[in-house]
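Okay, structure first, notes after.
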Amino acid sequence: MLKSDKAKTFRLLVLTLLFLTSLSEGFSQVGVGVKVGGNLSDADALSFRSSKRLGFQVGMAVSYHFRPNMAIQAEPTFNLTRIRANSETVHETKGIDKGNKALHFFDLPVLFRLDVTSGFALLGGVEFNSLLNADRYRLNNSDQAFKSGIRLGYTVGLELGKFYFRYRGFERSTEVHRSWTTAIQQYQVGVKWNIR
């Protein structure tokens with residue numbers, strides 16, 4: 001990833017956290033937690049149509065309750081997303097080798113949270129994500145396969161006690177033959193612990 005992309009990602013994280021903490025009259029309305037879990041991902045493009053692959057995510061959750069049962073929740077997360085390249089473009093000049101590709105993302109979902117009951121919440125919103133290892137995978141002509149930069153997606157989910165479920169949808173631009181825009185879907189399940 002380019003230094004400017006890293007700087008943009010870091011600035012976005014800092015600004016989001018500052019925004020959430022500056023809104024509150026006191027820190028009693030701000031919650032902080034950590035989360036860890038597994039995910040299943042697949043990608044849809046000519047070179048990437050395949051079954052779901054297993055990965056994981058680890059991160060934190062910072063929420064600001066502007067009403068007793070409503071909050072804005074930011075979840076800075078490191079995400080290992082695995083997708084599989086099939087053999088469709090393996091012989092193309094701008095093709096990619098067949099096999100699993102482990103993509104490392106920094107994700108920043110900014111979600112609206114509705115606490116339906118004390119142990120059940122619904123969430124949904126936008127997500128900013130940045131591919132951290134964009135230079136790892138190469139085409140047959142040695143060019144970089146995945147484009148770097150911050151992309152926009154969406155996340156919906158629910159929390160039941162300490163357990164959470166998320167569905168993510170986003171697109172990643174590539175240089176792979178006829179797979180220029182690859183749609184990625186991900187299902188996440190995990191555990192979240194509230195620190196405060």
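Predicted, not measured: the structure shown is a model, and the values here were computed from it.
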Any donor-acceptor pair under 3.5 Å linking the side chain of Arg82 with the backbone of Leu54? yes

Does any part of the side chain of Arg172, heavy atoms only, come nearer than 4.5 Å to the side chain of Asn129, both counted from C-beta? yes

Answer with yes or no whether the hydrophobic clustering places Val30 together with Val110; edges join I, L, V, M, F, W, Y residues whose side-chain heavy atoms lie under 4.5 Å apart. yes

Once the angle between the rings of Phe146 and Tyr137 is folded into 0 to 90°, is it parallel (under 30°), tilted (30 to 60°) or perpendicular (over 60°)? perpendicular

Criterion side-chain hydrogen bond (donor to acceptor under 3.5 Å, both in side chains) on Asn39 and Gln57, from CA distance to verdict: CA-CA 7 Å; Asn39 64 58; Gln57 67 277 342; 2.9 Å; yes

Would a 4.5 Å heavy-atom cut-off, applied to side chains only, mark Leu111 and Ile72 as touching? no

Testing the 3.5 Å rule here: is there a donor-acceptor pair between the side chains of Glu127 and Thr155? yes

Decide side-chain contact (heavy atoms from CB on, under 4.5 Å) for Leu152 and Glu171; before the verdict, give the C-alpha distance in whole Å, the side-chain angles of both, and the deciding distance to 0.1 Å. CA-CA 8 Å; Leu152 188 63; Glu171 293 182 342; over 6 Å; no

Interatomic spacing from CE in Met70 to CD in Gln73 - rounded to 0.5 Å: 15.0 Å

ILVMFWY cluster, Val191 and Val62 together (side-chain gap under 4.5 Å): yes

With a 4.5 Å cut-off on side-chain heavy atoms, are Leu131 and Leu103 touching? yes

In Å, rounded to the nearest 0.5 Å, how long is the span from CZ of Phe78 to CG of Leu80? 6.0 Å

Among pairs that include at least one residue of residues 33-48, which meet salt bridge (Lys or Arg N to Asp or Glu O under 4.0 Å), considering only residues two or more places apart or in two chains? Lys35-Glu75, Asp42-Lys52, Asp44-Arg49

So if you build clusters from Ile, Leu, Val, Met, Phe, Trp, Tyr with side-chain heavy-atom gaps below 4.5 Å, do Val32 and Val36 land together? yes

To the nearest 0.5 Å, atom OG1 of Thr174 lies from atom CG of Leu46 at 10.0 Å

Backbone of Ser130 reached by a side-chain donor or acceptor of Arg151 within 3.5 Å: no

Residues pairing under salt bridge (Lys or Arg N to Asp or Glu O under 4.0 Å) where one sits in residues 92-113, two or more places apart or in two chains, turn out to be Lys94-Glu175, Asp107-Arg168, Arg113-Asp115, Arg113-Glu159

Just by modelled atom types, is the Arg196 backbone N or O under 3.5 Å from a matching donor or acceptor in the Asn194 side chain? no

Does a donor on one side chain sit under 3.5 Å from an acceptor on the other, for Thr81 and Asn79? yes

So which heavy atom on Ala61 is nearest to which on Lys192, and how close? CB-CD, 3.9 Å

Side-chain (Asn100) to main-chain (Arg84) donor-acceptor, under 3.5 angstrom: no

OG1 of Thr77 to CZ of Phe56: how many Å apart, nearest 0.5 Å? 11.5 Å

Locate the shortest heavy-atom distance separating Ala74 from Leu108; write the atom from each residue and the value. CB-CD1, 4.3 Å

Take atom CZ in Arg178; do more than 12 heavy atoms of anything else shown fall under 6.0 Å from it? no

Assess the residue pair Val116 and Leu122 against the criterion (side-chain contact (heavy atoms from CB on, under 4.5 Å)); give the C-alpha distance rounded to whole Å, side-chain angles, the decisive distance to 0.1 Å, and a yes or no. CA-CA 7 Å; Val116 180; Leu122 298 172; 4.1 Å; yes

Close side-chain approach of Asn140 to Ile96, heavy-atom, < 4.5 Å: no

In Å, rounded to the nearest 0.5 Å, how long is the span from CD of Gln186 to CD1 of Ile83? 11.0 Å

In terms of ring plane angle, is the pair Tyr167 and Tyr154 parallel, tilted or perpendicular, where the classes change at 30° and 60°? tilted

Just by distance, do the side chain of Ser179 and the backbone of Ser47 share a donor-acceptor pair under 3.5 Å? yes

Do the non-hydrogen side-chain atoms of Phe48 and Val176 ever get within less than 4.5 Å of each other? yes

So do Phe170 and Phe105 actually touch side chain to side chain, heavy atoms under 4.5 Å? yes

If you group Ile, Leu, Val, Met, Phe, Trp and Tyr by side-chain heavy-atom gaps below 4.5 Å, do Tyr187 and Leu123 land in one group? no

pair His65-Ser63: side-chain heavy atoms closer than 4.5 Å: yes

State yes or no: do Phe112 and Tyr164 share one hydrophobic cluster built from I, L, V, M, F, W and Y residues joined by side-chain heavy-atom distances below 4.5 Å, directly or via other members? no

Let me see the working for Phe165 and Leu160 under side-chain contact (heavy atoms from CB on, under 4.5 Å), right down to the final yes or no. CA-CA 8 Å; Phe165 168 81; Leu160 188 57; over 6 Å; no

Let me see the working for Ser51 and Arg53 under side-chain contact (heavy atoms from CB on, under 4.5 Å), right down to the final yes or no. CA-CA 7 Å; Ser51 59; Arg53 299 292 175 211; 3.8 Å; yes

